[in-house]
Amino acid sequence: MLKIKKLIDVPIRDACEAWNKGFADYYVNMQMTAGQFTFRFGWDELSPDYSFIAYYDGLPAGIILNGIITTNGKRLAWNGGTAVAVSFRDKGIARKLMESTMELYKQEKVDVASLEAFTVNDRAIRLYESFGYRTVDNLLFLKKTESEEKSLGNIPEIPGYSLHHGLAHEIRDLSFYQHDAPWKTQWNFIRNGESIVVKDRNGIAAAYALFQKRNGKIILLQCAADERLPNKPELFQYMINHLLQTESRTVSTYNLPEKNKLLINVLEKAGFKEEFTDQKVPLKQVFMKKIMT
């Protein structure tokens, strides 16, 4: 009646159908064409060898996508989406998909597994907790939209510092780069990613922002400063001012860790507000991790 298979062994149309039906009533639009679904595997470093589909009475009923990479000598896994079609829920399908995933993680010698889930999705969070995941942070979506008449004047400078624009990969080797940030905010998963780095007069990096321009908007993925520096709020303000002075009218954050309180304080003072879905659900997620070893 219920069969769990790896995605590598099934038609792509079945996997896409399971995804779309599973997320048909989700908080945000997750619907994809077969082409978009396939593209996501390559861009997010997901793998059909590590992902599973559930068939119930021969029909695609549920899906779980997984990616595994090695970073700094550790095997890291990410759950890129778990969903069960409405008509097949309450049959234990999500649990079976998670059981298959946990077994695969063990076989692949994963050290740390992570995922994100909407804060309001209590049912999913309880499922993940039953498999040993624990919430390590909350992830915020904040946004500010400027008026069309916004000023494009000079950005107040910080004596002894200068701002340098570059590509996403240019910040990967900074000593304070956030390697433990959520999966899709890492430099290598950002399509056409860009960066700005604040350097001191000796050319030493003091802070960075990692972002993406999409549809006339700026999406801030990471923003961090050297923890040893006492002027982190000023450095954050310097970078945020720069982003707000670009041609983009809207700047928003994506999966911003709530623990970054200094940055959040700067953003709120600059007028950033919490985002909501079309159904007025707060765009806020929990960041969950499971230590496998």
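All figures in this text were calculated on a predicted structure; none of them were measured in a lab.
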Has the side chain of S51 got a donor or acceptor atom that lies under 3.5 Å from a matching backbone atom of N66? yes
Quick check against the 3.5 Å criterion: does R134 have a side-chain atom that pairs as donor or acceptor with the backbone of K290? no
Can N241 and Q237 be counted as having a side-chain donor-acceptor contact under 3.5 angstrom? yes
Trace of the salt bridge (charged side-chain N to carboxylate O under 4.0 Å, His left out) decision for K91 with D57: CA-CA 12 Å; K91 300 181 184 298; D57 288 343; over 6 Å; no
Nearest heavy-atom neighbours spanning G62 and L97: C-CD1, 3.9 Å
Between Y177 and Q186, do the side chains contain a donor N or O and an acceptor N or O under 3.5 Å apart? yes
Between NZ on residue K273 and CG on residue L142, distance to nearest 0.5 Å: 10.5 Å
Lys/Arg N to Asp/Glu carboxylate O, E99 vs K96, below 4.0 Å: yes
Salt-bridge present (K21, E17; N to O < 4.0 Å): yes
Any donor-acceptor pair under 3.5 Å linking the side chain of E108 with the backbone of Y105? no
For Y27 and Q279, which I'm curious about, is there any donor-acceptor pair between the side chains at under 3.5 Å? no
Do T293 and R75 have side-chain N/O donor and acceptor atoms under 3.5 Å apart? no
Within 6.0 angstrom of N192 CG, more than 12 heavy atoms from elsewhere: no
Would the distance check show the side chain of E103 and the main-chain N or O of S100 forming a donor-acceptor pair, the cut-off being under 3.5 Å? no
With a 6.0 Å cut-off on the ring centroids, do W183 and F189 count as close? yes
Around K213, counting heavy atoms of other residues, nucleotides and ligands shown, do more than 12 lie under 6.0 Å from its NZ? yes
With rounding to the nearest 0.5 angstrom, report the CZ to CZ distance, R126 to F131. 14.0 Å
Smallest separation among heavy atoms of G73 and D111, with atom names: O-OD2, 4.4 Å
May I ask you to check whether N79 and Y133 show a side-chain donor-acceptor distance below 3.5 Å? no
Ring centroid separation F118 to Y26 under 6.0 Å: yes
Expected output: side-chain N215 to main-chain K217 donor-acceptor under 3.5 Å: no
Can you measure from CG (L140) to CG (L283) and round to the nearest 0.5 angstrom? 10.5 Å
Between A225 and F176, which heavy-atom pair has the shortest distance, and what is it? C-CD1, 3.7 Å
Are any non-hydrogen side-chain atoms of L104 and Y50 less than 4.5 angstrom apart? yes
For the residue pair D14 / Y55, report whether a side-chain donor-acceptor contact shorter than 3.5 Å exists. yes
Hey, mind stepping through T145 and K143 against side-chain contact (heavy atoms from CB on, under 4.5 Å) and telling me if it holds? CA-CA 7 Å; T145 299; K143 181 172 71 172; 4.3 Å; yes
Any donor-acceptor N or O pair under 3.5 Å, side chains N255, T185: no
To the nearest 0.5 Å, how far apart are CG in L210 and CD1 in I171? 4.5 Å
Keeping R89 on the side-chain end and G22 on the backbone end, is there a donor-acceptor pair under 3.5 Å? yes
Is any NZ, NE, NH1 or NH2 atom of the basic residue among E258 and K284 found under 4.0 Å from an Asp or Glu carboxylate oxygen of the other? yes
Least distance between heavy atoms, C223 atom then N260 atom: O-ND2, 3.0 Å
Are the side chain of Q212 and the backbone of R191 linked by a donor-acceptor contact shorter than 3.5 Å? yes
Given 3.5 Å as the limit, does a donor-acceptor pair link the side chain of D200 with the main chain of Y161, or not? no
So do the side chains of E274 and F276 get within less than 4.5 Å of each other, counting heavy atoms only? yes
Rounded distance [0.5 Å steps], CD1 in I63 versus CZ in F52: 11.5 Å
Between A224 and M239, which heavy-atom pair has the shortest distance, and what is it? O-CE, 4.3 Å
Are D180 and K259 close enough for a salt bridge, meaning some N to O gap below 4.0 Å? yes
Test your reading of the model: is there a side-chain donor-acceptor pair from K232 to the backbone of L229, 3.5 Å cut-off? yes
Between Q222 and W187, is a side-chain hydrogen bond (donor to acceptor under 3.5 Å, both in side chains) present by the stated rule, with each step listed? CA-CA 9 Å; Q222 281 197 42; W187 71 269; over 6 Å; no
Evaluation steps, side-chain contact (heavy atoms from CB on, under 4.5 Å), between K3 and I53: CA-CA 8 Å; K3 290 186 178 180; I53 185 171; over 6 Å; no
Rounded to the nearest 0.5 Å, how far apart are OH of Y254 and CD1 of I190? 10.5 Å
Between Q31 and W19, is there a side-chain donor-acceptor contact under 3.5 Å, judged purely by atom types and distance? no
Contact summary for L46 and G67, nearest pair of heavy atoms: CD2-N, 3.7 Å
Whether K184 side chain and D44 backbone form a donor-acceptor pair below 3.5 Å: no
